[in-house]
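As structure tokens, the structure follows; a few thoughts come after it.
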2 protein chains.
Amino acid sequence: MLQHQPPPALDPIFHALADPARRGMLERLTRGPASVSQLAEPLPMSLSAVVQHLAVLEASGLVTSRKVGRVRTCTLDTTVLSQAEKWINARRIAWERAFDRLGVYLAETKPADEA
Amino acid sequence: MLQHQPPPALDPIFHALADPARRGMLERLTRGPASVSQLAEPLPMSLSAVVQHLAVLEASGLVTSRKVGRVRTCTLDTTVLSQAEKWINARRIAWERAFDRLGVYLAETKPADEA
DNA sequence: CTGATGCTGAAGCATAAGCTGAAGTATCAA
DNA sequence: TTGATACTTCAGCTTATGCTTCAGCATCAG
């Protein structure tokens, strides 16, 4: 098991993304790896809370970490990030195709509404 | 207030996407508008539960609905869907840039690890 | 060894989520 | 009017989240 992990589920990925503190941590990680303390520093909460958010991020696969000495260094995993992106993109594309197939659905249901 | 709504927040969007039942409803909606009953039909839960999921989807802006007679028809809003997509894409791109800037970060930290 | 640093873990608690079932409100059909 | 249909709303329950504090436990510096 060295190069391909189980496919990351969408539930934990989107759940991880649904919190501003966690998105903040991810944004920080886009600027390079960071320690737990560094991730916690700008956030208005205890270190403990940050560690718990980190656990959510790691459970989703969005973040991986390694402990060296007493410092845990975290990095972003963009392949997992792109899983979420792909799902969204697929829905959007599918809907746009459906919209084309249906023609002007809205115009057909309500030809001259005020909205 | 007829053509541009308040910018949809990411929290409710990702939260809405974090549930398989809700994603199922969205997938159904990519094949065109549907009534509440139609959205509920394949789901292993009560109509009540589906209505509550629908409320979450509407709160996020991902879905809009209109009631005509006794039937509420729901449609997907892909502009909101693309908000989420944009955020993810931006992080991924930023990280890939950072990765380039840092050069082979991993190789530098652990030149010949077993992992 | 001693103390500071950087995390880790377990309680505990308040709020939010996800669900059910039961009762209620508008249609629409006959 | 009667009844079915299509939601809608609400009380109530269970579990999950998000947070805190406090108590550890390995580093690392001196």
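Worth saying up front: this structure is predicted, and the values here are computed from it rather than measured. For the numbers below, each heavy atom of this structure counts, side chains included, while hydrogens, waters and symmetry mates do not. Letters go in sequence order (proteins before strands), and every chain restarts at 1.
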Does a side-chain N or O of Lys67(A) approach OP1 or OP2 of dT8(C) to a distance below 4.0 Å, or not?
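So the side-chain polar atoms of Lys67(A) do come within 4.0 Å of the phosphate oxygens OP1 or OP2 of dT8(C), strictly under.
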
CZ-SG distance between Arg66(B) and Cys74(B), expressed to the nearest 0.5 angstrom
12.5 Å

Please report, to 0.1 Å, the donor-acceptor pairs under 3.5 Å made by any side chain of residues 44-55 of chain B, with sequence neighbours excluded.
residue, atom, partner, partner atom, Å
Ser46(B), OG, Ala49(B), N, 3.2
Gln52(B), NE2, Ser48(B), O, 3.3
His53(B), ND1, Arg22(B), NH1, 3.1

Residues from residues 11-21 of chain B lying under 4.0 Å of DNA chain C - heavy atoms:
His15(B), Asp19(B)

Kindly state which residues belonging to residues 38-62 of chain A come within less than 4.0 angstrom of DNA chain C, counting heavy atoms of the residue only, listed by number.
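Here the set is Leu47(A), Ser48(A).
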
Over how many whole Å does the gap from Arg66(A) atom CZ to dT8(C) atom C1' extend?
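Taking CZ of Arg66(A) and C1' of dT8(C), I get 19 Å after rounding.
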
Who are the side chain to side chain donor-acceptor pair (under 3.5 Å) partners of Arg28(B), not counting sequence neighbours?
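Expected list: none.
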
Can you name the side chain to side chain donor-acceptor pair (under 3.5 Å) partners of Glu85(A), sequence neighbours left out?
Asn89(B), Arg92(B)

Aromatic ring pairing Trp87(A)/Phe14(A), orientation class (parallel under 30°, perpendicular over 60°, tilted between):
perpendicular

Side chains of [X] and [Y], heavy atoms from C-beta outward: is any pair under 4.5 Å?
X        : Y        : answer
Thr78(A) : Thr30(A) : no
Thr75(B) : Thr64(B) : yes
Leu17(A) : Leu17(B) : no
Leu57(A) : Leu26(A) : yes

Between the protein and nucleotides 14-16 of chain C, are there any N/O to N/O pairs under 3.5 Å, and if so, what are the atom names and distances?
none

When you check the side-chain N and O atoms of Ser65(A) and Arg72(A), is any donor under 3.5 Å from an acceptor?
yes

Where at least one partner belongs to residues 35-58 of chain A, residue pairs that pass salt bridge (charged side-chain N to carboxylate O under 4.0 Å, His left out), sequence neighbours excluded
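Qualifying pairs, neighbours excluded: none.
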
Every protein N/O within reach of nucleotides 1-4 of chain D N/O, cut-off under 3.5 Å:
none

Quick check: is Leu10(A) connected to Leu76(B) through a chain of hydrophobic side chains (ILVMFWY, heavy atoms under 4.5 Å apart)?
yes

State which residues pass salt bridge (charged side-chain N to carboxylate O under 4.0 Å, His left out) with Arg23(A); sequence neighbours excluded, sorted by chain then number.
Asp11(B)

